[in-house]
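Notes for the one structure printed next.
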12 protein chains.
Amino acid sequence: MENSVYKVVELIGTSPDSIEDAIGSAIQRAGLTLRNLQWFEVTQIRGRIDKGNVERYQVGMKVGFTHDREEQ
Amino acid sequence: MENSVYKVVELIGTSPDSIEDAIGSAIQRAGLTLRNLQWFEVTQIRGRIDKGNVERYQVGMKVGFTHDREEQ
Amino acid sequence: MENSVYKVVELIGTSPDSIEDAIGSAIQRAGLTLRNLQWFEVTQIRGRIDKGNVERYQVGMKVGFTHDREEQ
Amino acid sequence: MENSVYKVVELIGTSPDSIEDAIGSAIQRAGLTLRNLQWFEVTQIRGRIDKGNVERYQVGMKVGFTHDREEQ
Amino acid sequence: MENSVYKVVELIGTSPDSIEDAIGSAIQRAGLTLRNLQWFEVTQIRGRIDKGNVERYQVGMKVGFTHDREEQ
Amino acid sequence: MENSVYKVVELIGTSPDSIEDAIGSAIQRAGLTLRNLQWFEVTQIRGRIDKGNVERYQVGMKVGFTHDREEQ
Amino acid sequence: MENSVYKVVELIGTSPDSIEDAIGSAIQRAGLTLRNLQWFEVTQIRGRIDKGNVERYQVGMKVGFTHDREEQ
Amino acid sequence: MENSVYKVVELIGTSPDSIEDAIGSAIQRAGLTLRNLQWFEVTQIRGRIDKGNVERYQVGMKVGFTHDREEQ
Amino acid sequence: MENSVYKVVELIGTSPDSIEDAIGSAIQRAGLTLRNLQWFEVTQIRGRIDKGNVERYQVGMKVGFTHDREEQ
Amino acid sequence: MENSVYKVVELIGTSPDSIEDAIGSAIQRAGLTLRNLQWFEVTQIRGRIDKGNVERYQVGMKVGFTHDREEQ
Amino acid sequence: MENSVYKVVELIGTSPDSIEDAIGSAIQRAGLTLRNLQWFEVTQIRGRIDKGNVERYQVGMKVGFTHDREEQ
Amino acid sequence: MENSVYKVVELIGTSPDSIEDAIGSAIQRAGLTLRNLQWFEVTQIRGRIDKGNVERYQVGMKVGFTHDREEQ
């Protein structure tokens, strides 16, 4: 069985600053326990509002990585 | 009837600068007449093009707020 | 804050005659209380049947307008 | 212009008890300011979790009503 | 990196009794291994039929939780 | 041709009481003419409102059954 | 079991003339064998092109009717 | 009323061998009772797993045919 | 390689008069440069509003044609 | 402007034999006029039926390629 | 709590040969660490193109399994 | 035939820096061969990951332009 297999996990990154920063937060966090992260896809852009301004962006993402034996 | 009820309105914010700025414009405008804005969700990212560059981002959003008696 | 902001409302127009006529009914009705209607988008085309014929078209629409202070 | 026109608003009802109760909360609240509510459609069933149990159901709904002059 | 990150897992809860009970089963089961469960979203309501009656509700859900280091 | 084939029909069950009861009504009705009902999937949850309360739940469903020769 | 149950069938009506005429064709045809047709919902608007003009509109529809014992 | 009308039914074909074989099973089965089958569209590809291998493909399909008087 | 291949392009036709007329405009325009147009599918029905009436229908469509060597 | 840009075209490949063969037909045909094809994504699996068997698979696809100056 | 609970993971299987082979690769890989795999559902069929031919199929899938204590 | 007709093409812009920059790259590239670009709509936000950080944003877009005779 030499065909590559990938696994996809769903994360939500947050940031008070920007959509890109929220994406980066989730990817950096995922990188702590998952090796070989390869791509992401944004599934949702939401956020919290406080006193009439964006308090925090919440960006839903799917993140794909090579399915090595160590990760479940 | 003590269960909270929220209302959701649909807005389109615009900005020549960025997606985040377009989101902020809509939320600030909504805050002038609606109290207790709580969250938003982006439903669409579009824009106008002029002379081969982005002239204006148009970001469709749903914005949720506590359904007080004063707002319809 | 000079960036334009638009609001979108959802309506259902009806007509015994045609889809276009149902769209027109909703837009004319909305124009009685909302100024600056700018565009519409059809979201659903349904209808009632009576005695084996279309009795009434029901056309769901989103209608967008400039978000002036007077409208909520 | 004798064709009926309906308006649709989006609400989120909540309840600690059941989905039906969350639906009922939103409809009762809407009935305080909107006359002639006619139908609803569930768009989303979510909820908050606390200590491993459902704390509160949050049911997103579209609610349709006859578009009278008094309501916007 | 102080921005919160959440993880979302997909579960299917089942119950012979009700949709709410199926949701509760999945959340209670998830709580055995995942801490800090925060919200759920129903993605699908299905069921098995036996002898012309509902035998079992099967409710698909996404469940979100704070992405701590211990969980993958 | 020994591979199993299933057929799927679309029904709407109704009930003044609950979503589960509306599902049950449709399945019981379908069982009068279709044998071997096996599963259902909810496609839509709607309802009628009367005097500010839910009058009737209307639950759209797909129902699958073994495609025997007798059923069309 | 006094709760109403409805059945939904999927049809495609065609017409060289208009979308409304294609809808009408399907409903009239369905009325030959199904009693109590009550509503329709358009699911798709397609058509065939011949020599650079629309040759025929093909309108996909779901049609709902009271689920009497005689119809399957 | 000379405009053609088509009917669409939803089937699930199964096969232990391939997606194409599952499609073929459903079409051959449908052909036993429905004349003038004309086209199909795959709506879902699922399957059962047994001992770590695909046991059976389950392919959901819509199948269209000329709506003759004999078929309902 | 004798299997037919088709190409699909996306167009938006407009008309002040009707949805059908907007469809026809796009097909006639496409026919000036593309041979062998075969079918279309409506993807979106929108429009501009002026002074409370529909000013122009905008109908989004996919148009399919035989993929000859001359067309790209 | 050194950032890569890709273009995506929509094709329908056909084959009497298999889904994979229909995909291959479209890609080979596209390769005659487009250089640097890089990926595809299946958007639809349909087919024609003749005498109760699949006559031809029709597989809708999006095909992406590097946006060189020569291609439009 | 005797109600069964299932977990669903998202995988992408690949194969140079066929869609079925890509599905099989993902299921076999998942079976190395997850017991009681029960069903799969295809969510996406994509692929890489090299020199005008399909180089590799990439099939996105959801895979469901009994949620035992050992798996997370 | 004086009704305006627009054409829509699908592009993917990329950038290591931001979503807005990826959008801009695609629009500038398209402007080299297409005149009268008028609007865009984002259809997908993805990206590549390298060493635990976003390496490149990939933003799928539809871009609309006036359908002049010179463009295909």
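Just the heavy atoms: all of them, side chains too, but no hydrogens, waters or symmetry mates, feed the values below.
Evaluation of the ring pair (Phe, Tyr, Trp, His ring centres under 6.0 Å) test over residues 9-34 of chain D, restricted to residues two or more places apart or in two chains, returns none. Listed by first and then second residue, the ring pair (Phe, Tyr, Trp, His ring centres under 6.0 Å) pairs involving residues 11-34 of chain F amount to none (not counting sequence neighbours).
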request  = Evaluate side chain to side chain contact (heavy atoms under 4.5 Å, CB included) for D:F65 paired with F:I49, printing each intermediate quantity in order.
outcome  = CA-CA 9 Å; D:F65 54 96; F:I49 303 172; over 6 Å; no
No hydrogens needed, just list the donor-acceptor pairs between chain F and chain D under 3.5 Å.
from: F:I19; atom 1: N; to: D:E20; atom 2: OE2; distance (Å): 2.8
from: F:Q44; atom 1: NE2; to: D:E41; atom 2: OE2; distance (Å): 3.4
from: F:I45; atom 1: O; to: D:V42; atom 2: N; distance (Å): 2.8
from: F:R46; atom 1: NH1; to: D:E41; atom 2: OE1; distance (Å): 3.2
from: F:G47; atom 1: N; to: D:F40; atom 2: O; distance (Å): 3.0
from: F:G47; atom 1: O; to: D:F40; atom 2: N; distance (Å): 3.0
from: F:I49; atom 1: N; to: D:Q38; atom 2: O; distance (Å): 2.9
from: F:N53; atom 1: OD1; to: D:Q28; atom 2: NE2; distance (Å): 3.4

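A distance of 6.5 Å separates CD1 of D:I23 from CD1 of F:I45, quoted to the nearest 0.5 Å.
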